[in-house]
2 protein chains.
Amino acid sequence: MTQIQSDTETKILDAAKKIFIQKGLEGARMQEIADEAKINKSLLHYYFRSKERLFSAVFKFAISRFIPKIERVFDSKIAISAKIELIVEQYISLLLKNQFVPIFILHEINRHPDRLVELMTSAGIKPKLIVSQIDEEIKKGNLKPISAQNLILNVISLCVFPFAARPLMQRLFFENNRKAFNDLMASRKKEVSEFIIRAIKA
Amino acid sequence: MTQIQSDTETKILDAAKKIFIQKGLEGARMQEIADEAKINKSLLHYYFRSKERLFSAVFKFAISRFIPKIERVFDSKIAISAKIELIVEQYISLLLKNQFVPIFILHEINRHPDRLVELMTSAGIKPKLIVSQIDEEIKKGNLKPISAQNLILNVISLCVFPFAARPLMQRLFFENNRKAFNDLMASRKKEVSEFIIRAIKA
DNA sequence: GTCTATATTGTGATAGAC
DNA sequence: GTCTATCACAATATAGAC
């Protein structure tokens, strides 16, 4: 049984993900992460040197998992409406399993926007490809004229925002019943695609 | 010239709004707020007793300014499409002037959802009124069948999310040019209304 | 009401035994 | 590699003079 990472390192990373993603960089305590990993506090420094570096590992993990998703779908050759359907379905499914990640990323990119620069260039994201693809479809008359940036923003907004605002929405609509909220999110996979398609089809 | 609040108290509150809204409860430093207000650190405690209480004042201000906006429009008697147009226009205008507030509120309601309970009940928000109003319009055949919760979520998502994700979007689309991003947001007032109307009109 | 000085606690980080 | 003990400093909060 070869092990790529030491068991302890994995335990630390898992614990750090849980705590940092829920509480943010400043809100998290090293002691809390150690407790969650059921190891000693000083081991955190042995493996990751500093809080900053441990956080950085968690942030990279979260970003890598959520940002590139859209690119891959847009590289395929299917029709634009099918692409949107796919993106919405995949994204909401992913979010249902990682409910705290959106607000974590949003908060951290607002606090430390500089962290994004290196990550995005190294990830090789090229939004201009998507933009030109949408413009193409409009020219062909398959889509209502809409700025590509607005359309992309709309798709992401409709998928991500409800999870970022979950505590509020869950209370507004469902007396804080989590299952009811999740059911609504599941129903959104279909509803959001249809909503968007109706809005953009020529 | 009668003064409702002492000049110092106002200065502190203004400084606290600026710092807390940008950095969050844990990210903000009392010293920083004092510097911003150009007063001594201990005066913060003299006027507000603790960091927690000072933060609470800022949070209440932010919530009261952003949450009730929707209610008032829905109380009026105009057609649903006009209502949506009004809400979108007002909300995006408000957000353009308060760009840091969305992520501040979203982060804090995730960190401390309990803070919301008292605030929402005291604000007297009744989402069920809006829900029944939308259901009514669907029954009359003016709207495509859509769950009212999903429609409300869509409207709020399309308005608020871009501001919460501003650092990312500004870099993705505009090489970090703030004015270009703000111009896109201004254009969204019209584009988002039209997008929604096309998606829901029967 | 406003300041300086200080108390008190919390927290990231390190030293050193095993 | 893992632990205990401890350091160093940052940050909230308070005491007390003016």
Side-chain angles (χ1 to χ4, degrees), chain A residues 1-62 104 107-108 110-112 114-115, chain B residues 1-62 104 107-108 110-112 114-115:
Chain A
M1 281 280 215
T2 39
Q3 205 131 25
I4 298 163
Q5 281 182 320
S6 77
D7 197 47
T8 309
E9 194 172 339
T10 314
K11 277 191 334 200
I12 291 176
L13 252 180
D14 286 346
K17 279 176 200 165
K18 182 171 170 188
I19 304 297
F20 275 133
I21 286 173
Q22 278 191 57
K23 310 205 166 179
L25 171 59
E26 287 99 346
R29 296 291 93 111
M30 293 296 265
Q31 184 63 58
E32 211 178 351
I33 295 170
D35 292 348
E36 177 71 31
K38 284 173 190 146
I39 49 109
N40 192 278
K41 201 175 53 154
S42 52
L43 275 186
L44 299 179
H45 290 92
Y46 177 80
Y47 280 95
F48 290 89
R49 270 191 84 85
S50 70
K51 184 184 187 184
E52 185 67 27
R53 278 163 187 265
L54 179 53
F55 175 83
S56 188
V58 173
F59 185 67
K60 273 177 193 160
F61 164 82
F104 167 71
H107 176 72
E108 295 302 336
N110 268 276
R111 287 284 290 127
H112 312 281
D114 44 305
R115 275 191 225 278
Chain B
M1 282 273 216
T2 37
Q3 206 132 25
I4 298 162
Q5 282 181 318
S6 78
D7 197 46
T8 309
E9 193 171 341
T10 314
K11 276 190 336 198
I12 291 175
L13 252 180
D14 287 345
K17 279 177 200 165
K18 182 170 171 189
I19 303 297
F20 275 133
I21 286 174
Q22 278 191 57
K23 312 206 165 179
L25 171 58
E26 288 99 345
R29 295 291 94 110
M30 295 295 265
Q31 183 62 61
E32 212 178 350
I33 295 170
D35 292 348
E36 177 72 31
K38 282 171 191 149
I39 50 110
N40 192 278
K41 205 175 48 157
S42 52
L43 276 186
L44 300 179
H45 291 92
Y46 177 80
Y47 280 94
F48 290 90
R49 271 190 82 85
S50 70
K51 184 184 186 182
E52 186 67 28
R53 278 164 187 265
L54 179 54
F55 175 82
S56 189
V58 173
F59 185 67
K60 272 178 195 159
F61 164 81
F104 167 72
H107 176 73
E108 295 303 337
N110 268 276
R111 288 283 291 125
H112 311 281
D114 44 304
R115 277 191 223 276

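In what follows, chains are A, B, ... by sequence order, proteins preceding strands, each numbered from 1.
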Minimum side-chain heavy-atom gap [X]-[Y] below 4.5 Å:
{"X": "B:Y46", "Y": "B:N40", "value": "no"}
{"X": "A:F104", "Y": "B:N110", "value": "no"}
{"X": "B:R29", "Y": "B:K23", "value": "no"}

Atom [atom1] of [X] and atom [atom2] of [N]: how far apart are they, to the nearest Å?
{"X": "B:K51", "N": "C:dG10", "atom1": "NZ", "atom2": "C1'", "result": "12 Å"}
{"X": "B:F48", "N": "D:dT12", "atom1": "CZ", "atom2": "P", "result": "16 Å"}
{"X": "B:F55", "N": "D:dA13", "atom1": "CZ", "atom2": "P", "result": "14 Å"}
{"X": "B:E26", "N": "C:dG12", "atom1": "CD", "atom2": "C1'", "result": "16 Å"}
{"X": "A:Q31", "N": "D:dC3", "atom1": "CD", "atom2": "P", "result": "12 Å"}
{"X": "B:L43", "N": "D:dA13", "atom1": "CG", "atom2": "P", "result": "15 Å"}
{"X": "B:Y46", "N": "D:dG16", "atom1": "OH", "atom2": "P", "result": "17 Å"}
{"X": "B:K41", "N": "C:dA7", "atom1": "NZ", "atom2": "P", "result": "14 Å"}

Discussion item. Using a heavy-atom cut-off of 4.0 Å across all strands, would you classify A:A28 as base, sugar-phosphate, or nothing?
Written reply: sugar-phosphate

Discussion item. Is it true that, when you exclude A:K60 itself, more than 12 heavy atoms of the residues, nucleotides or ligands shown sit nearer than 6.0 Å to its NZ?
Written reply: no

Fill in: A:K11 NZ: over 12 foreign heavy atoms closer than 6.0 Å
yes

Measuring to OP1 and OP2 of [N], would you say a side-chain N or O of [X] lies under 4.0 angstrom away?
{"X": "B:T8", "N": "C:dT2", "answer": "yes"}
{"X": "B:R29", "N": "D:dA10", "answer": "no"}
{"X": "A:R49", "N": "C:dA13", "answer": "no"}
{"X": "A:H45", "N": "C:dT14", "answer": "no"}
{"X": "B:Y47", "N": "C:dT2", "answer": "yes"}

Item to complete: Over 60° means perpendicular and under 30° means parallel, so classify the ring planes of A:H107 and B:H107, tilted if in between.
Response: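 Answer is parallel, since the angle falls under 30°.
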
Could you give the distance from [atom1] ([X]) to [atom2] ([Y]), rounded to the nearest 0.5 Å?
{"X": "B:L25", "Y": "B:K51", "atom1": "CG", "atom2": "NZ", "result": "5.0 Å"}
{"X": "A:I21", "Y": "A:E108", "atom1": "CD1", "atom2": "CD", "result": "10.0 Å"}
{"X": "B:Q22", "Y": "B:E36", "atom1": "CD", "atom2": "CD", "result": "8.5 Å"}
{"X": "A:I33", "Y": "A:D14", "atom1": "CD1", "atom2": "CG", "result": "12.0 Å"}

Worksheet item: Considering only heavy atoms, which members of residues 11-22 of chain A lie under 4.0 Å from some atom of DNA chain C?
Response: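 Heavy-atom cutoff 4.0 Å gives no residues at all.
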
Worksheet item: Any donor-acceptor pair under 3.5 Å between the side chain of B:S42 and the base of C:dT4?
Response: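 Pair found.
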
Worksheet entry | Dot-bracket summary - DNA chain D, pairs being Watson-Crick or G-U whose distances fall under 3.5 Å, with | when paired to another strand | ||||||||||||||||||

